[in-house]
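Only one structure is covered here, and it is reproduced in the block below.
Computed from heavy atoms alone, side chains included, the values below leave out hydrogens, waters and symmetry copies. Numbering starts at 1 and runs along the sequence shown.
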Amino acid sequence: MVFNYLTTHRLKLYFLPLSVAIAMQASRVSSQDLHSFHLSLQKNFTSLTIFSFSLILGWTLYIMNRPKPVYLVDFSCYLPPSHLKASVEKIMHHVRVVRESGKWAKSGENDYLMDFVTKILERSGLGQETYVPEGLHCLPIEQSMVGSRKETQEVILGAVDTLLRNTGISPSDIGILVVNSSTFNPTPSLATIIVNKYKLRENIKSFNLGGMGCSAGVIAIDVAKSLLQVHRNTYALVVSTENITQNLYVGNNKSMLVTNCLFRVGGAAVLLSNISKDRKLAKYKLVHTVRVHTGSDDRSYGCATQEEDEDGVVGVTLSKDLPMVAARTLKINIATLGPLVLPISEKLLFFVTFLRKKFFNPKIKHYMPDFKLAFEHFCIHAGGRALIDELEKNLHLSPLHVEASRMTLHRFGNTSSSSIWYELAYTEAKGRMKKGDRTWQIALGSGFKCNSCVWVALRNVKASADNPWEECLNKYPVEIDI
């Protein structure tokens with residue numbers, strides 16, 4: 001026991017200096033490591049702070065500058081009163097009386113021109129219940145400024161009244177106003193008429209687009225979209241119309257008579273918003289707008305021109321280049337829109353066909369992508385039967401896809417820039433618009449321009465009150481003789 005105690009005690013005494021030395025060395029090493037760790041931590045903390053600040057700043061800038069969603073809260077289309085309906089027979093009788101009593105009537109030409117107008121009307125695709133302005137129901141016809149202003153005011157104010165009633169939006173909440181009318185632009189402007197009627201606020205950003213043809217409705221949407229990217233938490237009111245009273249042609253030029261056969265009274269009002277909470281209330285979200293303008297080409301520029309004929313009568317001349325120009329402009333628009341909306345499989349097929357045509361066989365036809373894979377609904381400007389036929393054929397669409405366009409042409413005629421909204425109203429009235437459905441609105445107009453809008457439905461969309469189709473929906477679709 002004593003030996004063991006002494007042995008253990010001696011060992012402790014022997015190893016004590018060594019233990020102290022190791023402890024001191026360890027203390028010195030730990031102190032140095034701790035100091036180094038502290039410096040490293042300070043350095044890392046500084047780097048982490050800079051990184052975090054940069055990340056927060058970048059995210060903040062992204063949030064502030066990213067494209068703001070644009071929602072379509074609702075829209076309305078003007079439904080003229082029933083006494084303005086005009087059948088083809090009534091129109092022909094009226095035109096004959098006007099021409100025979102007109103100062104521009106020429107002996108021997110009336111019958112020839114009346115036959116021409118009759119053939120256009122019979123093949124136009126228009127029905128027996130389209131609307132003609134009040135001034136043109138009169139004999140003699142009234143083409144005064146008073147009559148023209150009355151027509152346009154009734155259309156645009158009627159559409160806006162319905163829209164505000166359906167949405168419950170106060171006019172004072174509207175911060176942006178865009179109005180388009182191609183050939184009727186009085187002073188004060190049509191935009192000012194709306195500002196005055198609804199007492200819009202003094203800092204309203206108002207725009208009046210003129211001379212831009214039947215595709216101006218999409219242009220107006222694009223302008224409003226751009227403004228909504230700048231001005232936060234506000235509403236944009238877009239109004240599209242065309243005036244028929246002032247633009248009736250009473251001369252002897254065949255080309256200028258065509259517009260008389262197609263254009264009818266109509267207009268639409270659209271309410272857009274960039275307010276986040278409106279997503280729950282809105283019908284659609286704007287996904288894309290694509291605008292193509294080929295006016296730098298002389299043939300495109302001159303294919304639809306408002307001018308005087310040889311007798312000094314003002315009308316719109318349609319040149320023989322119009323079909324070719326329209327096809328070329330449409331092709332550019334489709335080529336621009338395709339990569340934005342088509343699935344990868346269609347993009348690959350298009351690219352492979354392009355390479356084969358360019359490097360191996362120039363006779364291979366261009367591949368037309370299947371846009372039915374990108375859209376459920378098509379709103380093709382109801383400019384005439386020929387336009388709808390061509391797009392149906394070239395885009396490989398079914399009769400159901402172009403039903404809204406054909407029925408709009410039949411029921412309302414060519415209402416110019418507002419026709420695409422009558423078509424969307426038809427789709428809603430039929431109960432076909434489901435959540436997630438994509439809609440392509442496409443319109444062509446003078447200049448020459450081809451413009452597209454793409455919308456996605458945010459819910460199962462039902463037709464709003466006072467939908468222009470609600471009284472006649474049970475009659476449609478109708479069979480149209482070819």
N233 side chain to N274 backbone, donor-acceptor under 3.5 Å: no

Heavy-atom closest pair, residues N208 and S189: OD1-CB, 3.5 Å

Short side-chain to backbone donor-acceptor contact, S124 and L126, under 3.5 Å: yes

Residue pair R432, E376: steps toward the side-chain contact (heavy atoms from CB on, under 4.5 Å) verdict: CA-CA 9 Å; R432 297 171 181 170; E376 285 73 34; over 6 Å; no

H396 vs D370, side chain to side chain donor-acceptor pair (under 3.5 Å): CA-CA, chis, key distance, verdict: CA-CA 7 Å; H396 308 298; D370 186 359; over 6 Å; no

Residue pair T415 / S418, side-chain donor-acceptor N/O under 3.5 Å: yes

Evaluation steps, side-chain contact (heavy atoms from CB on, under 4.5 Å), between L318 and M256: CA-CA 7 Å; L318 304 178; M256 292 182 171; over 6 Å; no

Side-chain H-bond candidate by donor/acceptor type, D309 with Y249, under 3.5 Å: yes

K225/L272 under side-chain contact (heavy atoms from CB on, under 4.5 Å): CA gap, chis, key distance, verdict: CA-CA 8 Å; K225 180 192 78 170; L272 303 177; 5.8 Å; no

S419 (side chain) donor-acceptor with T408 (main chain) under 3.5 angstrom: no

Shortest non-hydrogen separation from P133 to L84 and the atoms involved: C-CD2, 4.2 Å

R165 atom CZ: more than 12 heavy-atom contacts under 6.0 Å: yes

Atom of S148, atom of N243 and distance for their closest heavy-atom approach: O-ND2, 2.8 Å

Salt bridge K434-D437, side-chain N to carboxylate O under 4.0 Å: no

Mutual orientation of the aromatic rings belonging to W469 and Y476 [parallel < 30°, tilted 30-60°, perpendicular > 60°]: perpendicular

Passing option when S416 is tested against C214, S215, S240 for side chain to side chain contact (heavy atoms under 4.5 Å, CB included): C214

Nearest heavy atoms of L200 and L177, plus distance in Å: CD1-CD2, 4.1 Å

Contact summary for G295 and Y301, nearest pair of heavy atoms: O-CB, 3.7 Å

Among E392, E423, E479, salt bridge (charged side-chain N to carboxylate O under 4.0 Å, His left out) partner for R406: E392

Point-to-point distance, once rounded to the nearest 0.5 Å, from OG1 of T289 to CD1 of I221: 9.5 Å

Under 3.5 Å side-chain donor-acceptor pair for T336 and R291: no

Residue from F378, F371, F375, W440 passing ring pair (Phe, Tyr, Trp, His ring centres under 6.0 Å) with H401: F378

Between E307 and T317, a side-chain donor and acceptor under 3.5 Å: yes

Option from L164, T234, V160 for which side chain to side chain contact (heavy atoms under 4.5 Å, CB included) with I174 holds: L164

Shortest non-hydrogen contact from M368 toward L395: SD-CD2, 4.0 Å

Y422 and F412 aromatic ring geometry - parallel, tilted or perpendicular at 30°/60° bounds: tilted

T183 vs E242, side chain to side chain donor-acceptor pair (under 3.5 Å): CA-CA, chis, key distance, verdict: CA-CA 7 Å; T183 58; E242 191 53 85; 3.0 Å; yes

Among K85, K90, R264, salt bridge (charged side-chain N to carboxylate O under 4.0 Å, His left out) partner for E129: K85

All N/O donor-acceptor pairs, side-chain side in residues 277-288, below 3.5 Å, sequence neighbours left out:
| residue | atom | partner | partner atom | Å |
| --- | --- | --- | --- | --- |
| D278 | OD1 | Y235 | OH | 3.4 |
| D278 | OD2 | Y235 | OH | 2.9 |
| D278 | OD2 | S273 | OG | 2.6 |
| K283 | NZ | D74 | OD1 | 2.9 |
| K283 | NZ | E428 | OE1 | 3.0 |
| K283 | NZ | S464 | OG | 2.7 |
| Y284 | OH | E428 | OE2 | 2.7 |

Neighbour count >12 (heavy atoms, 6.0 Å) for atom NZ, K462: no

Side chain to side chain donor-acceptor pair (under 3.5 Å) assessment of H377 paired with T427: CA-CA 8 Å; H377 308 286; T427 304; 4.9 Å; no

Carboxylate-amine/guanidinium contact D173 R201, below 4.0 Å: no

Residues Y78, E154; criterion side chain to side chain donor-acceptor pair (under 3.5 Å); working and verdict: CA-CA 9 Å; Y78 177 67; E154 288 178 350; 4.5 Å; no

N460 and M433, any side-chain heavy atoms less than 4.5 Å apart: no

Side chain to side chain contact (heavy atoms under 4.5 Å, CB included), paired with F207, selected from N180, V238, L227: L227

Stepwise side-chain contact (heavy atoms from CB on, under 4.5 Å) test for D222 and I219: CA-CA 5 Å; D222 186 62; I219 296 174; 5.6 Å; no

Any side-chain donor near an acceptor of the partner, T294 and S300, under 3.5 Å: yes

